[in-house]
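Let me begin by presenting the structure, written as structure tokens, before commenting on it.
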There are 4 protein chains.
Amino acid sequence: MNDNPGPDHAAGRARPGRKRSEDSRRAILAAAFQIFTEAGYAGLTVEGIAARAGCGKQTIYRWWKTKADVLFDALAQKSELHIPLTDTGTYEGDLRAFLTATFALGDTPQVRDMLCALMAEAQIDPEFGERFRTAFLQRRRDALGVVLGRARARGEPGPVPGLSTSTIMDIVFGTLWYRVLATREPLDQALVEELLAVLAPSRD
Amino acid sequence: MNDNPGPDHAAGRARPGRKRSEDSRRAILAAAFQIFTEAGYAGLTVEGIAARAGCGKQTIYRWWKTKADVLFDALAQKSELHIPLTDTGTYEGDLRAFLTATFALGDTPQVRDMLCALMAEAQIDPEFGERFRTAFLQRRRDALGVVLGRARARGEPGPVPGLSTSTIMDIVFGTLWYRVLATREPLDQALVEELLAVLAPSRD
Amino acid sequence: MNDNPGPDHAAGRARPGRKRSEDSRRAILAAAFQIFTEAGYAGLTVEGIAARAGCGKQTIYRWWKTKADVLFDALAQKSELHIPLTDTGTYEGDLRAFLTATFALGDTPQVRDMLCALMAEAQIDPEFGERFRTAFLQRRRDALGVVLGRARARGEPGPVPGLSTSTIMDIVFGTLWYRVLATREPLDQALVEELLAVLAPSRD
Amino acid sequence: MNDNPGPDHAAGRARPGRKRSEDSRRAILAAAFQIFTEAGYAGLTVEGIAARAGCGKQTIYRWWKTKADVLFDALAQKSELHIPLTDTGTYEGDLRAFLTATFALGDTPQVRDMLCALMAEAQIDPEFGERFRTAFLQRRRDALGVVLGRARARGEPGPVPGLSTSTIMDIVFGTLWYRVLATREPLDQALVEELLAVLAPSRD
DNA sequence: ACGTAAACGAGACGGTACGTCGTGTCTTGGT
DNA sequence: ACCAAGACACGACGTACCGTCTCGTTTACGT
């Protein structure tokens, strides 16, 4: 999704013709970001983006499949979606760090609203859904997978007996997304601690 | 949302004029259901519903604000969204029963797809979002709240120390919705048992 | 058109049931008149008339075939469309009196605009056209016919040799309508005199 | 009205973007013509024209303000509305030629019906009325003006003493239009001769 | 007085067309 | 080959009126 899904790019072979305009690309992403902020996903249109960016619609269609893909790139451009996986030495420490970083991201209003819109579009447009799942959702799962794998490698006791790695991920991301999509309550540190209490109970 | 959100209904006062056509109402809901099944939410249009139902568009706009509201009513009409709250005597039993019943509902493909579409629309159209949250999401939370309240009344030990009622709900519904929206994995009995392991661990 | 074109009225036989409401009739005509004045013929709708008159649409449809018929009645109600045919003793005098009276009527802005609208509707709706022609246009021709017939009876020389009665009427009403429909110039006394110069030239 | 009333056309400056489709233009005018012939002005809709022409409604709205403007162009396309002004040497000859040519045109059923509809629409839609008056009615007056001016230049005696040029035009076109709009009688040569008798009486 | 019958207000109904917006595609001329 | 501009066919939107059809209410005649 971050890559050019546009015209074929025969590997190292230099192609003739005008190069892709970096100015246009930036202007389009900026325009998408602005319009979304001002008018929401419902107010985001390819025509609107083109007008604001001062480019033709064709230029957008050439490089992105849907406006959701544009918005996803715009989001990736503005906000660093990558979560650093610092190794704190303990499962609980790693998980707390992961959750805190993840929640900080998801609590930024603009980022949050965009992710909601993208998740929504993923339901309605199955093709975009596939792209969104692999390019975003799965990557976040993989990141959490590193934390959980590290704990297993260390020989730390599993968080709760009878809980698969996959289900832990479902619980973590599920709670996160549910808060954002359904209850619209903030993702605060208190929730981090409560999730830790469930998933990394300090044995006593 | 189930009630007529249309014209004013001065309480018991008999209003003049022709009554709302029950035939139209049923035909519209049935049409919405069919079209969604055949073409998905993206293929659901007010125009299409009207054509299939053999009614004018105005008749739809008169009684529903958006096509999402029509779809919600269609869903409520077809599928009994109410979850019976049987009292099994124990927190674990009640929770298992609740989860099993809820998951059964959410695992029906048609119901599942409709709920996804409605949740998506709730993100994109804030006004519908408000209606959907109060008319559906909150009611499900309230149902689970009965189970949890009953446990507390019985004096049963809380599931996990330091876990608020609200967060338990977030975990339950979050995991459920996440499976449906993000991973698209089925809601099976195994997940019920894993959630029980987390939220109602048998002390040993 | 002035008569009730509505339900059958079995001659002298007294029918049961509620009588036609004279209040409604007046309110409808008044409403049509007002709306036309404010918004023109394009802004005149049956729904608008009903709303303004405080009556149901059915009541309008019961007694008039089209909104043009309502407007025609409204016009007839407000403005006396009948032209008195005073006998001045001479053809020229009679004609001058007829033209002056006719022009005075057609120079009233509201009446003029309504006649234009009705003439327009008569082109577009052939059924109304027939009614309008017989109920209005033909009557005006007949009136002029009386003047011309009187002249002939008196043995006055025809206005111009080789000019049929019918063509005289065409010229008189044609010039009148053309001024109103096409050039929108006022119908003044100067035009009366010019027409007299053509149609009743004083022989010398 | 015959010119593009659509987007701006910066004089000689070449504008970017796709050019107007001549095919569409022709298809639209042909469709309007056909539909009018089959269903009359009441049956002429923008939607219908677009469907018949195989184009989008937007394409019609881009280049014409109302369906009446489309119809006017369609008429101008099909029928040569220009009247040749042959100089016969005498006022009477010129006028006879003008009237004969004009009547021939106005006696063609299709042309006649279209002109009636356009004249009607001109009453109902004032903006179109203005366009129709300047683009058609005034041009016809100007044509007759040439004939009358030529007579005056030649020093021919005025047709009737005390008759202004303007009133002669009113009488000619008024009689013509009145026949068409009101009496629906044909425009035959007999009428030409009668008008000549009035407006160009052979002195004896 | 009491039913039958018609007209009334209100307003929902199936339709048709409106004029607008956005989609994704396709020229066109310029870089 | 790419780009801005913009016309194109298409589909759906939400609105306005059309003319028809219930509703319950209000008169007015005929028993």
Side-chain angles (χ1 to χ4, degrees), chain A residues 6-7 15-21 23-24 44-48 50-51 53-63 65-67, chain B residues 6-7 14-21 23-25 27 43-48 50-51 53-63 65-67, chain C residues 6-7 13-21 23-25 43-51 53-63 65-67, chain D residues 6-7 14-21 23-25 43-48 50-51 53-63 65-67:
Chain A
R15 293 169 310 108
R18 188 171 172 176
K19 294 257 173 65
R20 174 174 184 182
S21 161
D23 285 1
S24 283
L44 186 70
T45 67
V46 174
E47 290 210 328
C55 73
K57 288 198 289 178
Q58 195 68 265
T59 304
I60 296 175
Y61 285 115
R62 194 166 7 237
W63 303 106
K65 287 207 169 171
T66 72
K67 62 183 180 179
Chain B
R15 293 175 317 112
R18 187 171 173 174
K19 295 245 175 80
R20 175 174 184 180
S21 162
D23 286 0
S24 284
R25 196 189 130 269
L44 187 70
T45 66
V46 174
E47 213 142 57
C55 75
K57 288 197 284 180
Q58 197 69 265
T59 303
I60 297 175
Y61 285 114
R62 195 166 6 238
W63 302 106
K65 289 205 170 172
T66 70
K67 62 183 180 179
Chain C
R13 197 67 183 80
R15 294 168 312 110
R18 189 173 173 174
K19 292 256 174 72
R20 174 174 184 181
S21 163
D23 285 1
S24 284
R25 196 188 131 272
L44 186 71
T45 67
V46 174
E47 289 210 327
I49 296 169
C55 74
K57 288 199 287 178
Q58 196 67 268
T59 303
I60 296 175
Y61 285 114
R62 196 166 4 239
W63 304 106
K65 286 206 171 174
T66 71
K67 62 183 180 180
Chain D
R15 294 174 317 112
R18 186 172 175 173
K19 294 247 174 78
R20 175 174 184 179
S21 162
D23 285 1
S24 285
R25 196 188 132 270
L44 186 70
T45 67
V46 173
E47 212 141 59
C55 74
K57 287 197 286 179
Q58 197 68 267
T59 301
I60 297 176
Y61 285 115
R62 201 175 350 250
W63 302 106
K65 288 206 169 171
T66 71
K67 62 182 180 181

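By convention in this document, chain letters (A, B, ...) are assigned in the order of the sequence lines, proteins followed by strands, and residues within each chain are numbered from 1.
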Sequence neighbours excluded, which residues qualify as side-chain contact (heavy atoms from CB on, under 4.5 Å) partners of B:A27?
B:A53

Between [options], which nucleotide gets closest to the side-chain atoms of [X]?
X	options	value
C:P16	E:dA5, E:dC13, F:dC8	E:dA5
C:R18	F:dC3, E:dA6, E:dG9	E:dA6
C:S24	E:dG9, F:dC8, F:dC29	E:dG9

For A:K67, what residues pass the salt bridge (Lys or Arg N to Asp or Glu O under 4.0 Å) criterion, not counting sequence neighbours?
none

To check you understand the geometry: which heavy-atom pair defines the closest contact between D:V46 and D:I60, and what is its length?
O-CD1, 3.7 Å

Flag side-chain contact, heavy atom, 4.5 Å: B:R25 against B:W63:
no

Under 4.0 angstrom between [X] side-chain N/O and [N] OP1 or OP2:
X	N	answer
A:R20	F:dA1	no
B:R15	E:dA10	no
A:T59	F:dC2	no
D:W63	F:dG6	no
C:K19	F:dC29	yes
D:S21	E:dT27	no

Spacing of [X] atom [atom1] relative to [N] atom [atom2], expressed in whole Å:
X	N	atom1	atom2	value
D:R62	F:dC10	CZ	P	14 Å
D:R25	F:dA9	CZ	P	14 Å
D:I60	E:dT20	CD1	P	13 Å

Partners passing side-chain hydrogen bond (donor to acceptor under 3.5 Å, both in side chains) against [X] (at least two apart in sequence or in another chain):
X	result
D:S24	D:S21
B:Q58	none
B:T45	none

Walk along nucleotides 14-19 of chain F from 5' to 3' and tag each nucleotide B, S or - by protein heavy-atom contact under 4.0 Å, base first, then sugar-phosphate.
BBBBBB

